There are 2 protein chains.
Amino acid sequence: MLPSRLTNHAAMTANRIVDRALAQAGVRRYHYALLAALEEYGPASQAALGRRTGIDRSDMVAIVNDLAERHLLERAPDPDDRRRNIITVTAEGLGFLTHLDRLVADAQDEFLAPLSAADRRHLLDLLTRLVEPRD
Amino acid sequence: MLPSRLTNHAAMTANRIVDRALAQAGVRRYHYALLAALEEYGPASQAALGRRTGIDRSDMVAIVNDLAERHLLERAPDPDDRRRNIITVTAEGLGFLTHLDRLVADAQDEFLAPLSAADRRHLLDLLTRLVEPRD
DNA sequence: GCGCCAATGTTGGCTTGGCCAACAGTACAT
DNA sequence: ATGTACTGTTGGCCAAGCCAACATTGGCGC
């Protein structure tokens with residue numbers, strides 16, 4: 001079996017499990033990525049969040065819309081730079097993120113279920129080396 | 001870093017390398033998958049090839065068209081079952097597949113470059129366990 | 001001040017992949 | 001004979017990722 005195919009297969013397995021978990025909360029992976037980035041970096045503009053999450057700023061519009069409609073974050077114009085919107089997680093959004101964190105953590109555990117703790121550490125080490133920038 | 005995200009990242013790295021290699025020959029991954037399946041299983045109907053490669057039979061039509069136009073395979077009606085087309089690799093197709101095999105093998109090597117031979121074996125073992133069917 | 005360039009949010013569109021429905025033609029079991 | 005299942009094909013839908021264009025705004029040099 002080709003290593004690249006095996007890696008793809010494993011990624012698809014992980015995605016299936018994680019997506020199913022997130023679907024229980026009615027969100028997609030990019031919603032989770034955005035909320036997580038907001039918690040990690042604090043309030044930021046849509047463009048900055050896009051850079052951090054790898055989401056195109058044109059796609060970011062709809063994602064922020066989704067979460068704002070559910071009152072999980074707020075979009076407010078930046079008084080210091082009227083081009084920007086400042087995106088802030090609401091208290092409800094923080095609680096929701098905690099819930100998502102739990103769902104995702106359980107999903108990771110399900111994904112890695114066939115491996116021992118030592119195997120898991122080793123896998124993460126190997127994968128990390130594969131994705132590190134090359135020269 | 002979440003294991004699922006790490007696995008996805010590694011898969012994207014692999015895909016980037018493999019796709020770039022295949023693009024040198026002007027084919028996509030599914031073209032290679034089809035040719036490889038044909039070599040492995042011998043001539044078969046489009047539906048059977050679709051089942052083996054995971055390609056939908058409606059998408060298979062265009063893929064066979066692509067490769068038939070380049071004379072890498074032949075599409076002939078099955079005299080024993082007039083519903084079926086029998087797909088056969090041409091001699092030119094076999095030579096081309098050999099070339100692709102070489103490109104893909106080099107791509108695997110590039111993908112795994114950061115790992116020692118022992119690490120590679122271990123990685124494949126771990127990934128294999130992750131994709132094996134669960135109960 | 002003016003002029004120019006860059007950044008931002010937004011809309012719209014394009015492409016790729018994967019999936020499904022429908023259909024006509026064919027095989028096959030009952 | 002009749003119904004059921006399979007095949008190839010066309011057509012369409014949807015999700016993701018990407019890019020172009022645009023108006024607005026900021027910041028720079030001069």
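The sequence lines fix the lettering, A, B, ..., with proteins before strands; numbering per chain opens at 1. Since the model is a prediction, treat every value here as computed from it, not as a measurement.
Distance, B/L22 CG to C/dT16 P: 16 Å, rounded to whole Å. Between the CZ atom of B/R28 and the P atom of C/dT15 there is a distance of 12 Å, rounded to whole Å. Note: CG (B/N15) to P (C/dG18) measures 10 Å, nearest angstrom. The CG atom of B/L49 sits 12 Å away from the P atom of D/dT9 (whole-angstrom rounding). In this structure, B/Y30 places its OH atom 14 Å from P of C/dT15, rounding to the nearest Å.
Nucleic acid contact class of A/R29 (heavy atoms, under 4.0 Å, all strands): none.
Contacts between residues 56-90 of chain A and DNA chain D, counted as heavy-atom distances below 4.0 Å, involve A/D56, A/R57, A/S58, A/D59, A/D81, A/R82, A/R83.
Each of D/dA16, D/dG8, C/dG9 was ranked by its minimum atom distance to the side chain of B/A47; first place goes to D/dG8.
A/R70 CZ: more than 12 foreign heavy atoms inside a 6.0 Å radius. Annotation for A/R75: atom CZ counts as buried by contact number, over 12 foreign heavy atoms lying within 6.0 Å.
Between B/I87 and B/M60, every side-chain heavy-atom pair lies at or beyond the 4.5 Å cut-off.
In terms of modelled atom types and a separation under 3.5 Å, the side chain of B/R134 and the main chain of A/E110 share a donor-acceptor contact. Panel note: side chain A/Q108, backbone B/S4; a donor-acceptor pair is recorded below 3.5 Å.
Put simply, B/Q46 has no side-chain N or O that comes within less than 4.0 Å of OP1 or OP2 on D/dC6.
Ion pair B/D119/A/R129 flagged as a salt bridge, since at least one NZ, NE, NH1 or NH2 atom sits closer than 4.0 Å to an Asp/Glu carboxylate oxygen.
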